[in-house]
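First comes the structure, then the notes that go with it.
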Amino acid sequence: MTLASRFTRAAAIVALVAMAVPLGAQTPNATPPPRRRSALPPGVPTVKISGVITDATTGKPLAGATASADGRPSAPTGADGKYELLVVKGRNEAVTAAQFAYFSKTQPVFGAEGAVLNFALDPKATVTVKLVAPQGDPAKDTYELEIDSSQFAYLIPFSGYARADAGNFCKDDGTSFTPDKHDIKRVIGPATAVSFSKCCTIGPIMKATVEMKNGQVIPVYFNDSCFGNEVDFLGREKSSGVYQYFKFTDIAEVDFP
């Protein structure tokens, strides 16, 4: 099947599904999303508490973190890691601190004016992306990405990214190989275009090397690149919270935790 016919067929299926399901229809017996309390009821006395949210490993303050009580979040912290939060006066409340690259933590606090509640959050594992021949800033050739958001991806023209936690590869013997990111130790690049008919008969295909945590070192071919798609690795940068997108042709190595 050609790439064009694949897209045509997929578009037709989407159109049929869209016509079959009335606008606003819901799945029978579907559980409605929980309501989130955004503010305290009128007249409930409150007090302001404060604190600092830090990295439990380094002790450094965390930017972009929040503290929340009963679904009421604080404003995101700045570079100093400080937050302020309204809680119910004279009552014990559970306060949760969270930041995308860290495990959230919950602690109790009694609602007294000026109470201080600090948090030290444990960092999640990160994926390290090392680039080849960095351009512009030579120091910016390594990126630390939060593990949960890190994924293999390929770019579909005029549509966007298709992404997955597992790689979509072909091996030297022509068989499919789809290892989960948690089973991979590293991907060694940069990816290069080669002709390899066992995995792609319609043109060149991108090749790299995968080292598994069980010790296997396997030459792999990116199945998605056979159709002319750009194959990338993406994830949310730990330090900035911004999603970063890297072409495998620019990647020297991806190291998994």
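Worth knowing before you read on, the calculation uses all heavy atoms, side chains too, and leaves out hydrogens, waters and symmetry mates.
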Please state whether the rings of Y83 and F119 are parallel, tilted or perpendicular, taking 30° and 60° as the class boundaries.
tilted
Should the ring pair F233 and F152 be called parallel, tilted or perpendicular, given that the plane angle runs from 0 to 90° and is split at 30 and 60?
perpendicular
Backbone N or O of [Y] within a donor-acceptor pair of the [X] side chain at under 3.5 Å?
X    : Y    : value
S74  : T66  : no
E253 : V129 : no
K181 : I147 : yes
T54  : G59  : no
Q107 : A97  : no
Q151 : A153 : no
K105 : A120 : yes
S149 : R236 : yes
T77  : A65  : yes
E146 : D148 : yes

Minimum heavy-atom distance between [X] and [Y], given as atom pair plus value:
X    : Y    : answer
P157 : N229 : CD-OD1, 4.0 Å
F169 : P179 : CD1-CD, 3.7 Å
S225 : I205 : OG-CG1, 3.3 Å
D165 : S150 : OD1-O, 3.9 Å
P257 : T126 : CD-O, 3.4 Å
F177 : M212 : CZ-SD, 3.8 Å

The single option from L131, V132, D250 that satisfies side chain to side chain contact (heavy atoms under 4.5 Å, CB included) with P190 is V132
Taking K89 as the fixed residue, which of T46, V47, V44 is the one that meets the side chain to side chain contact (heavy atoms under 4.5 Å, CB included) rule?
V47
Should I49 and V116 be marked as a side chain to side chain contact (heavy atoms under 4.5 Å, CB included) after you check the CA-CA gap, both sets of side-chain angles, and the distance that decides it?
CA-CA 6 Å; I49 68 168; V116 175; over 6 Å; no
Same cluster (ILVMFWY, side-chain, under 4.5 Å), Y161 and Y243:
yes
Looking at F227 versus Y154, is the centre-to-centre ring distance below 6.0 Å?
no
Just wondering, do [Y] and [X] contact through their side chains at under 4.5 Å, heavy atoms?
X    : Y    : answer
D172 : K198 : no
K247 : E230 : yes
M206 : T249 : yes
T106 : V95  : no
Y143 : V127 : no
F256 : V187 : yes
D232 : F246 : no
V254 : F248 : yes

Run the side chain to side chain contact (heavy atoms under 4.5 Å, CB included) check on E211 and V217 step by step: do they pass?
CA-CA 4 Å; E211 182 178 346; V217 179; 4.0 Å; yes
Any chance you could measure [X], atom [atom1], to [Y], atom [atom2], to the nearest 0.5 Å?
X    : Y    : atom1 : atom2 : result
L62  : K82  : CG    : NZ    : 14.5 Å
F100 : K238 : CZ    : NZ    : 9.0 Å
I218 : I188 : CD1   : CD1   : 11.5 Å
L85  : S68  : CG    : OG    : 7.5 Å
D224 : L155 : CG    : CG    : 11.0 Å
K124 : Y102 : NZ    : OH    : 11.5 Å

Apply the test side chain to side chain contact (heavy atoms under 4.5 Å, CB included) to residues Q244 and L234: give CA-CA distance (whole Å), side-chain angles for both, the deciding distance (0.1 Å), then the verdict.
CA-CA 6 Å; Q244 301 288 348; L234 57 85; over 6 Å; no
Is it true that E93 and R72 make a salt bridge, defined as a side-chain N closer than 4.0 Å to a carboxylate O?
yes
Pair D255 + R186, salt bridge at N-O below 4.0 Å
yes
How would you list all residue pairs meeting salt bridge (Lys or Arg N to Asp or Glu O under 4.0 Å) that involve residues 46-55, not counting sequence neighbours?
K48-E84
Considering only the SG atoms, does C199 lie under 2.5 Å from C170?
yes
